[in-house]
**Q** 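Sharing a structure below in structure tokens format, with a few things to ask.
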Amino acid sequence: MSDHGHHTCSCCAGPRSGPPMSYGAPAPVAWKDRYAWRRDSELTADQCMIKGKHFFVHGLVEIPVLDSDEVFSWGVWVSLSEPNFARTHDLWEDPAREQEPPYFGWLSTELPVYAESTLNLKTHVRTRAVGRRPLIELEPTEHPLAVEQREGITLARVQELAGLLLGG
């Protein structure tokens, strides 16, 4: 990772040229390792429950890259109400899940590259085809993350993010 010209793809583990086009958080900010020992808490790659009271789903904030045909993605966690989490869980492998209306959720991942906190931004969680992470749409505010999702970013910004996140 010394230069941002090449990296290992997090999806297929193959070599890729250019800066990474996605970054993600392994768990919601509220998750603590000690919860793994609790019967009422669980963390998987896609869903999380804490103390039987707090429910989260892993999704993608997708940002168009204006001077590329690629999309930049933040892998984030969003809190859901218990009924919406239960519905998401029940429909996880059901192709009909694409017909679901969006669920309201609070962003539960801190993205440190933004001066303003990203915690508790209002979102809509859009369920996609089985095997694809939900799409996380931010409320159209003036928060820099919401602006980037709405207006897109350049490859230069992708390179800047790589420098900030990979210590370049």
Side-chain angles (χ1 to χ4, degrees), residues 1-2 7-16 19-63 71-98 100-139 143-146 148-149 158 161-168:
M1 284 198 214
S2 57
H7 68 279
T8 302
C9 178
S10 59
C11 295
C12 68
R16 289 215 33 189
M21 295 301 282
S22 65
Y23 298 91
V29 75
W31 179 261
K32 308 283 184 254
D33 288 342
R34 68 178 181 272
Y35 295 157
W37 301 102
R38 295 179 61 113
R39 288 186 180 169
D40 60 357
S41 300
E42 182 180 19
L43 174 65
T44 69
D46 300 303
Q47 299 174 10
C48 179
M49 176 177 67
I50 297 175
K51 299 181 181 177
K53 292 189 264 196
H54 306 283
F55 307 92
F56 306 88
V57 66
H58 195 183
L60 297 174
V61 173
E62 294 186 344
I63 300 174
V71 173
F72 181 86
S73 299
W74 289 113
V76 299
W77 291 86
V78 175
S79 67
L80 295 178
S81 67
E82 187 171 4
N84 285 345
F85 180 81
R87 183 128 177 98
T88 298
H89 186 77
D90 291 346
L91 294 174
W92 198 253
E93 298 294 331
D94 187 338
R97 76 186 204 164
E98 290 180 70
E100 283 293 286
Y103 304 125
F104 176 79
W106 298 99
L107 193 63
S108 300
T109 298
E110 184 68 83
L111 300 174
V113 298
Y114 297 99
E116 295 175 52
S117 175
T118 55
L119 286 179
N120 297 318
L121 291 177
K122 293 178 181 178
T123 70
H124 284 100
V125 178
R126 294 197 180 274
T127 307
R128 300 195 279 190
V130 172
R132 293 191 69 201
R133 290 204 189 284
L135 179 65
I136 310 302
E137 295 177 342
L138 281 90
E139 182 181 54
H143 188 285
L145 177 59
E148 287 185 345
Q149 185 176 45
V158 173
L161 291 170
L164 292 168
L165 292 162
L166 302 176

**Q** Quick one: list whatever passes salt bridge (charged side-chain N to carboxylate O under 4.0 Å, His left out) with Arg132, sequence neighbours left out.
**A**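 By the salt bridge (charged side-chain N to carboxylate O under 4.0 Å, His left out) rule, Arg132 matches no residue at all.
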**Q** Of all heavy-atom pairs between Pro19 and Val158, which one has the smallest distance, and what is that distance?
**A**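 Heavy-atom minimum between the residues: CG-CG1, 3.6 Å.
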**Q** What is the minimum heavy-atom distance between Ser117 and Glu110, and which atoms define it?
**A** OG-OE1, 2.8 Å
**Q** Kindly assign one of parallel, tilted or perpendicular to the pair Tyr35 and Trp31, based on the angle between their ring planes and the thresholds 30° and 60°.
**A** perpendicular
**Q** Return the CD to NZ distance between Glu82 and Lys53, rounded to the nearest 0.5 Å.
**A**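 It comes to 11.5 Å.
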**Q** Report yes if some heavy atom in the side chain of Val125 is under 4.5 Å from a heavy atom in the side chain of Ile136; otherwise report no.
**A** yes
**Q** Please tell me if the side chains of Leu43 and Pro28 come closer than 4.5 Å, counting only heavy atoms from C-beta onward.
**A** yes
**Q** With under 30° as parallel and over 60° as perpendicular, where do the rings of His58 and Trp77 fit, or are they tilted in between?
**A**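 Aromatic pair His58/Trp77 classed parallel.
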**Q** Going from CD1 on Ile50 to CG on Asp40, what distance comes out if it is rounded to the nearest 0.5 angstrom?
**A** 10.0 Å
**Q** Taking only residues two or more places apart in sequence, or in another chain, which ones meet Asp94 in a salt bridge (charged side-chain N to carboxylate O under 4.0 Å, His left out)?
**A**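 Applying salt bridge (charged side-chain N to carboxylate O under 4.0 Å, His left out) to Asp94 gives none.
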**Q** Say whether, by atom type as modelled, one donor and one acceptor occur between the side chain of Ser108 and the main chain of Val29 under 3.5 angstrom.
**A**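 Not confirmed, Ser108 side chain does not pair with Val29 backbone.
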**Q** Test side-chain contact (heavy atoms from CB on, under 4.5 Å) on Ser79 and His54; report intermediate values, then the result.
**A** CA-CA 7 Å; Ser79 67; His54 306 283; over 6 Å; no
**Q** One pair to check against side-chain contact (heavy atoms from CB on, under 4.5 Å): Thr127 and Tyr103. What are the steps and the verdict?
**A** CA-CA 9 Å; Thr127 307; Tyr103 304 125; 3.9 Å; yes
**Q** Any side-chain heavy atom of Gln47 sitting closer than 4.5 Å to one from Phe56?
**A** no
**Q** Near Asp33 CG, under 6.0 Å, is it more than 12 heavy atoms from other residues, nucleotides or ligands?
**A**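 Open: at most 12 neighbouring heavy atoms sit under 6.0 Å from CG of Asp33.
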**Q** Is any side-chain heavy atom of Asp46 closer than 4.5 Å to one of Trp92?
**A** yes
**Q** Rounded to the nearest 0.5 Å, what separation is found between the CG atom of Leu138 and the CD1 atom of Ile63?
**A** 8.5 Å
**Q** Which one of Glu137, Glu100, Glu62 satisfies the salt bridge (charged side-chain N to carboxylate O under 4.0 Å, His left out) criterion with Arg126?
**A**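 The residue from Glu137, Glu100, Glu62 that satisfies salt bridge (charged side-chain N to carboxylate O under 4.0 Å, His left out) with Arg126 turns out to be Glu137.
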**Q** What's the separation between atom CZ in Phe72 and atom CD in Glu148, rounded to the nearest 0.5 Å?
**A**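 Rounded to the nearest 0.5 Å, the CZ-CD separation comes to 8.5 Å.
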**Q** side-chain contact (heavy atoms from CB on, under 4.5 Å) for Leu107 and Leu145? Distances and angles first, verdict last.
**A** CA-CA 11 Å; Leu107 193 63; Leu145 177 59; 4.1 Å; yes
**Q** Look at the side chain of Arg97 and the backbone N and O of Arg128, then say whether any donor-acceptor pair between them is shorter than 3.5 Å.
**A**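 Side chain of Arg97 to backbone of Arg128, a donor-acceptor pair under 3.5 Å: yes, one is there.
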**Q** To the closest 0.5 Å, what do you measure between CH2 (Trp106) and CG (Leu80)?
**A**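 Answer rounded to 0.5 Å: 12.5 Å.
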**Q** Please answer whether the main-chain N or O of Pro20 pairs with a side-chain N or O of Ser22 as donor and acceptor at a distance below 3.5 Å.
**A**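 Pair absent, no side-chain N/O of Ser22 close to backbone of Pro20.
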**Q** Does Leu166 form a side-chain contact (heavy atoms from CB on, under 4.5 Å) with Tyr23? I'd like the steps, not just the answer.
**A** CA-CA 10 Å; Leu166 302 176; Tyr23 298 91; 4.1 Å; yes
**Q** Would you indicate whether the side-chain heavy atoms of His143 and Thr118 approach each other to under 4.5 Å?
**A**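 The answer is yes, as the side chains (C-beta and beyond) meet within the 4.5 Å cut-off.
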